Amino acid sequence: MPPAPRQRRAARHAPPAGSSASPAKRPITVDRITDAALQVVATEGYDALTIRRVAAVLGTGPSSLYAHIVNKDDLDDLLVGRLYAEIALPEPDPATWRTQLLDTYARIRDQYLRYPGVSRAALGTVPTNLDALRVREGLLAILLAGGVAPRTAAWALDSLSLYVSAYALEQSLVQQRRKQPDHEWVVSREELLSRFAALPAEAFPQTRRYAAELTSGAGHDRFEFTLGLIVDNLGRSPSA
């Protein structure tokens, strides 16, 4: 006798003989946690990054992550380390150290900009990840090769890294605001010029006169200007 209709439907959905109804889950690893965290930041922004959200991406619970990471700060350290792992460092050259330094920081900037707001993970913390320390070691070597005094080089690393992180964060915030319904808060250069021109001349004479200069710059012009300003003055800093 042929099987009943209900049995035939059930048979269509039954797993093949010798297979499991649900495939074994991939083990949770530090690399998978970092991958998932970067996925969250890339698609939802850094503000959405939580241990619970990363666990959801991995299809598990937060407790599974705590077997591999300590807390959110630990996750931040992993993120920065992963981004820095992709930074190639040049062999320090006394003749081109300035260009080497600016190029390396530009690559760090671009890494941050790939993941909106992720540079916040590098702010207010001392990196302990080996990849982050590798890049810091390379940057220090470039500065020393340029004849910068050791203490000046050490302090310059902090200043440059702080600026790069803050710059990337500001750029990310602007891009996020442009995606919001009230994006009119992000005004164009033309609108800024118009607003400055409408200011009372007696109260804002310099702003009106130099409106073009105040709103000038395209792309990363101001980023390059500021880094150049810091680097060009390193030789004038007190040595130690």
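The structure displayed is predicted, hence computed values, not measured ones.
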Report whether [X] and [Y] are members of the same hydrophobic cluster (ILVMFWY, side-chain heavy atoms less than 4.5 Å apart, transitive linking).
{"X": "L214", "Y": "L193", "answer": "no"}
{"X": "L133", "Y": "L79", "answer": "no"}
{"X": "L113", "Y": "L102", "answer": "no"}

Looking at I33, N71, L75, which hits side-chain contact (heavy atoms from CB on, under 4.5 Å) with L65?
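Output: one option passes, namely I33.
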Among I230, L139, L227, side-chain contact (heavy atoms from CB on, under 4.5 Å) partner for L101
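Only one of I230, L139, L227 forms a side-chain contact (heavy atoms from CB on, under 4.5 Å) with L101, namely L139.
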[atom1] of [X] to [atom2] of [Y]: how many Å apart, nearest 0.5 Å?
{"X": "K72", "Y": "I51", "atom1": "NZ", "atom2": "CD1", "value": "7.5 Å"}
{"X": "Q100", "Y": "T104", "atom1": "CD", "atom2": "OG1", "value": "7.0 Å"}
{"X": "L169", "Y": "R120", "atom1": "CG", "atom2": "CZ", "value": "6.5 Å"}
{"X": "D74", "Y": "I69", "atom1": "CG", "atom2": "CD1", "value": "6.0 Å"}

Are more than 12 heavy atoms from other residues, nucleotides or ligands located less than 6.0 Å from atom [atom1] of [X]?
{"X": "E44", "atom1": "CD", "answer": "yes"}
{"X": "L130", "atom1": "CG", "answer": "no"}
{"X": "R209", "atom1": "CZ", "answer": "no"}

[X] vs [Y] side-chain heavy atoms within contact, under 4.5 Å:
{"X": "L234", "Y": "L143", "result": "yes"}
{"X": "H68", "Y": "I28", "result": "yes"}
{"X": "D76", "Y": "L49", "result": "yes"}

For the side chain of [X] and the backbone of [Y], is there at least one donor-acceptor N/O pair under 3.5 Å apart?
{"X": "R32", "Y": "R26", "result": "yes"}
{"X": "S172", "Y": "G117", "result": "yes"}
{"X": "T43", "Y": "Q39", "result": "yes"}
{"X": "D221", "Y": "A218", "result": "yes"}

Please determine if R53 and D47 form a salt bridge, counting it only when a charged side-chain N lies under 4.0 Å from a carboxylate O.
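No, R53 and D47 are not salt-bridged.
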On a heavy-atom basis, which atom in [X] and which in [Y] lie closest, and how many Å separate them?
{"X": "L144", "Y": "A153", "result": "CD2-CB, 4.1 Å"}
{"X": "A154", "Y": "L140", "result": "N-CD1, 4.5 Å"}
{"X": "F223", "Y": "A106", "result": "CE2-CA, 4.2 Å"}

Given side-chain contact (heavy atoms from CB on, under 4.5 Å), test D131 with R134 step by step and report yes or no.
CA-CA 5 Å; D131 284 306; R134 175 188 64 86; 4.0 Å; yes
Start with the C-alpha gap between R208 and F196, add the side-chain angles, then the distance that decides, and say whether side-chain contact (heavy atoms from CB on, under 4.5 Å) holds.
CA-CA 6 Å; R208 285 170 55 98; F196 289 165; 5.6 Å; no
Dump the intermediate steps for salt bridge (charged side-chain N to carboxylate O under 4.0 Å, His left out) on D232 and R98, then the final yes or no.
CA-CA 8 Å; D232 289 344; R98 184 184 184 278; 2.6 Å; yes
Table please: side-chain donor-acceptor pairs of residues 159-168 below 3.5 Å, with sequence neighbours left out.
{"unit_1": "S159", "atom_1": "OG", "unit_2": "W155", "atom_2": "O", "d": "3.3"}
{"unit_1": "S161", "atom_1": "OG", "unit_2": "Y105", "atom_2": "OH", "d": "3.3"}
{"unit_1": "S161", "atom_1": "OG", "unit_2": "L157", "atom_2": "O", "d": "2.8"}
{"unit_1": "Y163", "atom_1": "OH", "unit_2": "T226", "atom_2": "OG1", "d": "3.4"}
{"unit_1": "S165", "atom_1": "OG", "unit_2": "S161", "atom_2": "O", "d": "3.1"}
{"unit_1": "Y167", "atom_1": "OH", "unit_2": "H220", "atom_2": "ND1", "d": "2.6"}

Side-chain atoms of residues 81-97: list all donor-acceptor pairs with protein atoms under 3.5 Å, sequence neighbours left out, distances to 0.1 Å.
{"unit_1": "R82", "atom_1": "NH1", "unit_2": "D35", "atom_2": "OD1", "d": "2.6"}
{"unit_1": "R82", "atom_1": "NH2", "unit_2": "D31", "atom_2": "O", "d": "3.4"}
{"unit_1": "R82", "atom_1": "NH2", "unit_2": "D35", "atom_2": "OD1", "d": "3.3"}
{"unit_1": "Y84", "atom_1": "OH", "unit_2": "Y112", "atom_2": "OH", "d": "2.9"}
{"unit_1": "E86", "atom_1": "OE1", "unit_2": "Q111", "atom_2": "NE2", "d": "3.3"}
{"unit_1": "E86", "atom_1": "OE1", "unit_2": "R114", "atom_2": "NH1", "d": "3.1"}
{"unit_1": "D93", "atom_1": "OD1", "unit_2": "A95", "atom_2": "N", "d": "3.0"}
{"unit_1": "D93", "atom_1": "OD2", "unit_2": "T96", "atom_2": "OG1", "d": "3.1"}

CA sep, side-chain torsions, deciding dist, call: R195, L199, side-chain contact (heavy atoms from CB on, under 4.5 Å)
CA-CA 7 Å; R195 292 186 183 187; L199 292 171; over 6 Å; no
